[in-house]
Amino acid sequence: MHLSGPLSGRWTAYLGLISTLSGVFTPAVAVKEHDFKKCAQSGFCARNRALADHILSTNSWSSPYSIVPESGSFKDGQYQAVVLKTINDNGDTVRLPLTVSFLESGTARVTIDEEKRQKGEIELRHDSKARKERYNEAEKWVIVGGLTLDKEAKVDFEDKSQLTVKYGPTSTFEAVIKFSPFGIDFKRDGVSQIKFNDQGLLNVEHWRPKIEQPVPENKDTPEGEQNQENKEEEKKEEEPKGEDESTWWDESFGSNTDSKPRGPESVGLDITFSGFEHVYGIPSHTGPLSLKTTRGGDGSYTEPYRLYNADVFEYILDSPMTLYGSIPFMQAHRKGSSVGVFWLNAAETWVDITKGKDSKNPLSLGIGSKTSTHTHWFSESGLLDVFVLLGPTPKDLTAKYGELTGTTTMPQEFAIGYHQCRWNYVSDEDVKDVDRKMDKFKMPYDVIWLDIEYTDEKKYFTWDEHSFKDPIGMGKQLESHGRQLVTIIDPHIKNTDNYPVVAELKSKDLAVKNKDGNIFEGWCWPGSSHWIDAFKPAAREWWATLFKYASFKGTMENTWIWNDMNEPSVFNGPETTMPKDNLHDGNWEHRDVHNLNGMTFHNATHHALKTRKPGELRRPFVLTRAFFAGSQRIGAMWTGDNTAEWGHLKESIPMILSQNIAGFPFSGADVGGFFGNPDKQLLTRWYQAGAFYPFFRAHAHIDARRREPYLMGEPYNTIIAGALRLRYSLLPSWYTAFHQAHVDGTPIVKPLYYTHPDEEAGFPIDNQFFVGNTGLLVKPVTEENKETQDIFIPDNEVYYDYFTYNVVASGKAGKTVTVDAPLEKLPLLMRGGHIFPRRDIPRRSSQLQKWDDYTLVLTIPKDGKHAEGELYVDDGDSYEFEQGQYINRKFVYDGAAKTITSVDKEGRDTKSIKKGEWLKKMSGVRVDKIVVVGAEEKVWGKKGEVDVVDESSKEARKAKVEFTPADKATGRASFAVIKKVGASIGSDWKIEL
């Protein structure tokens, strides 16, 4: 959330006042690209890029890193050795401990540290209180499993030049560790997949003291002239001799100077994906899902992708510029293979990407050669710590990554409904009015949100007593309609008198410190502020006390939380964030943990909601803006402060797909755009797209016109209401997809390369996607005045239009079909061979459809033989699903046997499960009807009824069948409806045709 454009009078006065009070406070009202660093302005980025330029432009380079063979040992799946870095022509070296771990999952981990820093044998400048070691605690925050060593891994070959280790579940993976120069070639089935240091760009900046140059005195020169001469002499002394030291030490950007007490300490490594042309991941950025090259040329970027969480509002499109969150997980894909790397480092990180042709025969002139992708990663500080995942499928990658960092949290059911938000609803009466009008216009929603204006002068955990006089009454009205409230709580705490929260923050010593060890003061929405240090266990426990109902008065059981500005955003800080030499718990510098900061605050709030009332064991809902690897375990994210433009609607789709493949699928973009005023066509199209975001929320800036969906007038109201109802009817399928993501890390919305990994034409496509395992293929309209849509068909299966049942495609894979897409029509297809659940009775919220019967939609495949699908459902609120209180069904259509069956997906004996209250009530929820799209006339045409058999009791009942033949004139497929099926949704049953 940020100010932009013409400010309201209230905000103009407010900002004018605090600008007068503090000359250092310059609110970022119109942030431009130059407010954030380019690579050349980031010392370590410039150094690593310059090193790469030098190395790649010479034929005589030899990497100065070598393993000392006699230092190496291999035991229980782990290889340890010392890498020596030669640092000068005299042959002096620096010792770098190396650990290569081979894990039971088939993942490998490579870690390089620096012995001198590790032992604390360095001197810090400026009497700094910072830790001397390289930051080694990211694992504590990020990794939750998958670290068990593979004791079956074995050394397959070793000589004086290299070591080969075979590992993995079937020992088909191998790592060839080369001693001099150091490098690793990771292979699968004998074929190179990923290479470390193949280009020789490994760079571990070792500690070295700064040699301070004395300033000569000139006693015969007048003081003014002497000062000038001294400055000129200083300049001469600073001119580098040999290595360029100009970016090693104190570094300035804008009006801020970073003291860099440990000097240069970056780590860099080139990682080559051999034979891979497409790489994906490393969100969050705008631009295509298949990442661009970054070294110039047609269609390429000239800057590396940057990972440095920052408050980049009104962000530009098609750019490698950093955004609000970072996940350093990259995947490479080609036909027949997917591999990935996870770079575990929470400091500022940049990634360069280039591509080049490989050819074994130098005379082949490219004939038969393959494209490889060369990536160059560099982080400002910390360990070099990289996980290697060898696939071989996209699903294997997301599953192994999920094993390491955790999978998406299982959300409350209301959280996947529609959320209505703006900065700001001005009073409790305003909230209640919006709630009533959503009902009046028959527009379902689940959650209404309050931005910062609900507080008493930006003091969190308070209410503005004039505008929100009765928050409990407001909450009760929402509760009576099955709805929720979300309030914003940010990490900056107003520094003011008579505010108990900031008084306790100070007295308990729970705030982030500046480089001198004193409480850090910066500027954000409240003006002067302090920041909770959520790395500190005592701070997290204190934070939890603030959310208890007796403390945060006015909140109820249907109140949830939104964490914004947690990058952290500091208006007067460098790049609108916190100084890198600030200190966190344990005296770790902020530079070491920056990208983790938002996750620690998100985690603290998540923990707080789980403990706000004894015995209240409910799943929290907490939205975050800043995130890192592992944030998926805590809640949802959104793509930040976008703009009401068609380009932002278009870019939202690859951004959300990137989040999904990088392990954080509970993601969305502000529907309608945060800044600006969308016209009615844009807003309508955005609701259609948003209905297929995993996280579906509309949001608007304080100066944007009111745009609740019922204000658009006709025909827009009806179209938007249709998009909302479509979302709600498909909630059972969405919830099932969330469960699958929770179980094994599967994306909720899937790009074509993920679902069809052998269809090469689909690899770069990022404007259409499948939803879960439903076979639903959606391609939202993202261009103005467009009334048709071209959809790529990735296989030979039949596809039906969701709304009309028209056969859209049935033939050759790789075909593009054009479908009608007038404003009232969302391009949505159903792939043959699937069964998916929905609920068809329109309700005002998800809570009010909790006990409704289900509809199953069965799409007959092209060959008529087999279709299947699934349904997962639990109480949508508690953790009782962890004790078996859930329903998980697998539906199968067998064309040969002419049956439709429902069985427990996990093969559980459901009769042996002791039913709690929710499961007992669900026994009365039924399958109401089954819609069979593409029903063959010879099978279904004369069926007036079918037998529905309860597999437990073997009792059978009749269900009526209505058959509608195909319409050749319109292209509509034949279909049948089995009515009043009556089978319990949680029981085993069979329909015999």
Side-chain angles (χ1 to χ4, degrees), residues 140-145 405-416 419 446-447 449 460-461 475 479 484-491 501 504 510 532-564 566 585 596-628 630-637 664 666 695 735 738-739 741-743 846-847 874-886 916-918:
K140 181 176 76 173
W141 289 98
V142 175
I143 305 298
V144 295
T405 67
T407 59
T408 192
T409 183
M410 197 63 207
Q412 292 210 30
E413 189 173 21
F414 76 76
I416 64 173
H419 300 247
D446 264 86
V447 192
W449 293 53
Y460 299 115
F461 306 101
E479 184 179 50
Q484 318 292 316
L485 177 72
V486 167
T487 62
I488 196 168
I489 300 285
D490 292 343
V501 174
E504 288 188 10
L510 303 177
I532 177 175
D533 183 5
F535 287 90
K536 185 173 288 190
R540 297 194 297 273
E541 292 307 312
W542 168 73
W543 191 247
T545 67
L546 303 179
F547 288 85
K548 296 186 181 299
Y549 297 119
S551 300
F552 192 179
K553 298 183 185 302
T555 60
M556 297 171 50
E557 287 83 352
N558 65 338
T559 305
W560 310 97
I561 301 298
W562 169 18
N563 287 162
D564 196 2
N566 54 333
D585 185 51
L596 273 173
N597 185 83
M599 185 171 86
T600 65
F601 181 63
H602 192 199
N603 173 70
T605 304
H606 180 268
H607 168 69
L609 292 188
K610 290 178 74 171
T611 59
R612 59 183 173 176
K613 179 182 177 182
E616 186 184 59
L617 300 177
R618 301 175 66 200
R619 300 174 222 168
F621 174 77
V622 188
L623 180 75
T624 185
R625 190 170 74 176
F627 55 87
F628 191 63
S631 290
Q632 68 272 9
R633 305 189 303 264
I634 306 170
M637 61 74 63
F664 198 169
F666 199 178
F695 175 58
Y735 199 70
F738 267 89
H739 176 255
H742 173 69
V743 169
S846 65
Q847 296 305 294
D874 57 33
D875 67 14
D877 182 79
S878 76
Y879 288 97
E880 289 188 2
F881 69 94
E882 295 177 349
Q883 281 74 52
Q885 299 296 297
Y886 61 85
E917 202 171 305
W918 176 84

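Values reported hereafter were calculated over all heavy atoms of this structure, with side chains retained and with hydrogens, waters and symmetry mates removed. Note that the structure is a prediction, hence the values are computed from the model and not measured. In this chain, residues are counted from 1 in sequence order.
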With sequence neighbours excluded, residues passing salt bridge (Lys or Arg N to Asp or Glu O under 4.0 Å) with R612: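 Once residues adjacent in sequence are excluded, the partners of R612 under the salt bridge (Lys or Arg N to Asp or Glu O under 4.0 Å) criterion are E616.
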
Please enumerate all residues that pass salt bridge (Lys or Arg N to Asp or Glu O under 4.0 Å) together with E880, with sequence neighbours excluded. none

Name of the residue among W560, F461, W543 meeting ring-ring contact (aromatic ring centres under 6.0 Å, His included) with F552: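 Exactly one option meets the ring-ring contact (aromatic ring centres under 6.0 Å, His included) with F552, and it is F461.
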
Any side-chain heavy atom of [X] within less than 4.5 Å of one from [Y]?
X: D874; Y: Q885; value: no
X: H419; Y: W562; value: no
X: W141; Y: F628; value: no

Charged N to carboxylate O below 4.0 Å: is that the case for R618 and D875? no

Under a 4.0 Å threshold between the charged nitrogen and the carboxylate oxygen, would R540 count as salt-bridged to D585?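 So D585 does not pair with R540 through a salt bridge.
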
Heavy-atom pair with the smallest gap, counting every atom of P620 and L609: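 Shortest heavy-atom separation between P620 and L609 comes out as CB-CB, 3.7 Å.
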
Nearest heavy-atom pair of G635 and F664: which atoms, and what distance?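 In this case the closest contact between G635 and F664 is O-CE2, 3.1 Å.
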
For W542, all residues meeting side-chain hydrogen bond (donor to acceptor under 3.5 Å, both in side chains), sequence neighbours excluded: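 Checked W542 against side-chain hydrogen bond (donor to acceptor under 3.5 Å, both in side chains); matches are E504.
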
So for atom CD, which belongs to E917, do other residues, nucleotides or ligands contribute more than 12 heavy atoms lying within a distance under 6.0 Å? no

Give the intermediate values and the outcome of side-chain contact (heavy atoms from CB on, under 4.5 Å) for residues Y735 and E413. CA-CA 7 Å; Y735 199 70; E413 189 173 21; 4.2 Å; yes

